[in-house]
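To keep things clear, I will list the structure first and then write my remarks on it.
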There are 2 protein chains.
Amino acid sequence: MSTDTPSRRSTGETAPSVNKRRAPVMADVARRAGVSLGTVSNVINNPGVVAERTLRKVQDAIDELGFVPNQVARSLAVGHANTIGFVIVDLANSYFVDIARGVEELADESGVRLLLANSDVDLAKQDSYLELFEESRVSGILLAPLDAPLTRAEQIRRRQMPVVHVNWPGVDGESCGVVVDEELGGYTATRHLIELGRQRLLFAGGPLSLSAVASRLTGARRAVEEEQGRVTLELLETDRLTVAAGLAVGRGIANRPPDERPDGLVSAADALASGAIQTMIYSGIEVPGDIAVIGYDNNHFAADHVIPISTIGQPGVDMGRAAAKLLFEEITRVPHVHRTITMNPELIVRESTTGRTWTD
Amino acid sequence: MSTDTPSRRSTGETAPSVNKRRAPVMADVARRAGVSLGTVSNVINNPGVVAERTLRKVQDAIDELGFVPNQVARSLAVGHANTIGFVIVDLANSYFVDIARGVEELADESGVRLLLANSDVDLAKQDSYLELFEESRVSGILLAPLDAPLTRAEQIRRRQMPVVHVNWPGVDGESCGVVVDEELGGYTATRHLIELGRQRLLFAGGPLSLSAVASRLTGARRAVEEEQGRVTLELLETDRLTVAAGLAVGRGIANRPPDERPDGLVSAADALASGAIQTMIYSGIEVPGDIAVIGYDNNHFAADHVIPISTIGQPGVDMGRAAAKLLFEEITRVPHVHRTITMNPELIVRESTTGRTWTD
DNA sequence: CTGTTAGCGCATTCAG
DNA sequence: CTGAATGCGCTAACAG
């Protein structure tokens, strides 16, 4: 056995082609270690079953050759990949990144690899990635879908590939999903302001065609109705849930006569709240003195705002874990009825409602 | 040929086991269409070569069976996957999401699929995903690495797997990389304030151990030195590049006597600038009247700020495209010397330096 | 404990 | 243009 570099064949090649070093395969390792192919397979997948001495011999051969097992071949042989795929509607939204983090935690614990794909709010791309994952024979697929018919996902599910939805309830009785109780979030936010004594509330957010916004509004209305007329709720629908839209909301409020302004603002998103707060402060309105403001989403910047923003936090990481758990159940065929797990949002109280600010 | 549901065998099975519907494979399609396996393969990969009539027959069989080609088997047979992998240091940073978008654009155009993995600023995870991609025999790997030795990446590269770095220069002469000229960005930002007539500048950012921050500072110093004493530059190192740190910066400025305040603030990040602007406004300092502020990164919220923030934009999408292009060159063995592509940042002028605000 | 062998599902010759 | 045969690299029996 030659001890020189294994990367170069000693058969004087006459062909002008590049001496393209073929990646070493198991057979090469077996030959070099002087054992059979099956044994090499065992040291990789079943080390406990092979003799210490053999194991070391093979390990050395692997190291010397720089052998990297071919997952593709492995997957073909075992019939599935030890991998799950996650198609995400919008990677720019930290909420989904949190979910991905949760999924990954559980995947790690289960020794499963997680592959991500960003559909970027594009149905065609979403479908394309779903197909890629199906064709790649991943063990299962997680889908944080965009607001559109999920025919491709259903099709895939019908072909026996486990698909679990995140931030979407799933098809009743046919698939699993993990969602957060948006209505409860809207209720909780509004209730918080009411308990602080606010009585003239304004709900800002939109478009209402977004089911999340609509649910939050429903929750807000329920909280107000419970007060039997002691509290009013005004609705201001916005085009989007952005800081820019929030600036406009704040401007609108500032332009009213002081006694016609709300004393509490329920904002359907932190970005909106941020914009509103910024313009209101700029206009001399005290937050929360004159108007208490609560946001929604617990975006990263909410805590670091001039006036830290009270908000409703979504348990992204926990949702990801829950979704991954459901998926693993389906993958391992653990008997379970398809269900939708609804998680509770969390009230996070900061200065935009309670009044202590960094200036104190 | 029975026309009833293809999913159920008509051979009365006596086994109690679940009637586990095996996913249809090419052979099933071939049998159903009454052609051979090779022909089915052709209609999928080489439709032009097969007769119209045969093609339709096979297509129908595929549809009826719900056949989904097995990429794993395909990859094994052809020796590689039509896929590239992108290991991203931090998905929560929109800069990298932009890069990913650029990569995907080019991948789409090339008919290559893109798989993402989030290393989440964790070296172990970064290595783990690099291994996954190598074992999965992707065509090539893109790596936006964290600030640590890239031994695993080099190892992989040495095994003939193309690896291109993004936001990292690459190993000189051995690998390719795409970076942005941070020093030029710092220079451009500072030059902008100087051209607006500002003379007492403050550079805020840190920690300086971050090479990006250090380079931006170097650029800022160069711009000031060119003025030969007409302009001064003060340095305020921060712990982090967050809104919270920016609030502190603003507070520090506000607490000074007015005549000791800078008249221009070069902030190493938009988040920092945002915090500073918010506290300064809150304290009655005019922006940009008293102090012009420029940020860095062109984060999404910079444009939607109370006072829209002038900033230095990094061409994330273009960087992604450039990196993908380099990778494809390596994959297709287009002869090319390994090189580092340095892209130029872009000055984006908004109200925090020029003075028009939404209140006008 | 180790060696042998038969597929996994598909692409790709090469004949017909 | 179509069909039969061979192999991609590995796992999983099974036999030794």
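To find a chain, count down the sequence lines: A is the first, B the second, and so on, and within it residues start at 1.
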For residues [X] and [Y], determine if any side-chain heavy atom of one lies less than 4.5 Å from a side-chain heavy atom of the other.
X	Y	answer
Tyr129(B)	Asn118(B)	no
Arg101(A)	Leu91(B)	no
Ile44(A)	Phe67(A)	yes

Rounding to a whole Å, what distance do you find between [X]:[atom1] and [N]:[atom2]?
X	N	atom1	atom2	answer
Asn46(B)	dC10(C)	CG	P	16 Å
Arg31(B)	dA4(D)	CZ	P	13 Å
His80(B)	dA11(C)	NE2	P	12 Å

May I ask you to evaluate whether Thr54(B) reaches the phosphate of dT2(D), defined as a side-chain N or O under 4.0 Å from OP1 or OP2? yes
Does dT2(C) have its OP1 or OP2 closer than 4.0 Å to a side-chain nitrogen or oxygen of Thr39(A)? no
Parallel, tilted or perpendicular for His336(B) and His338(B), by the 30°/60° rule? perpendicular
Check [Y] with [X], please: is the shortest side-chain N to carboxylate O separation under 4.0 Å?
X	Y	answer
Glu135(A)	Arg74(B)	no
Arg321(A)	Asp318(A)	no
Glu330(B)	Arg157(B)	no
Asp60(B)	Lys57(B)	no

Bend of the helix from dC1(C)-dG16(D) to dG16(C)-dC1(D) from end-axis comparison, five pairs per end, nearest 10°, comes to 40°
Determine, for nucleotides 8-13 of chain D in 5'-to-3' order, which nucleotides have protein heavy atoms under 4.0 Å from the base (write B), from only the sugar-phosphate (write S), or from neither (write -). BBBBB-
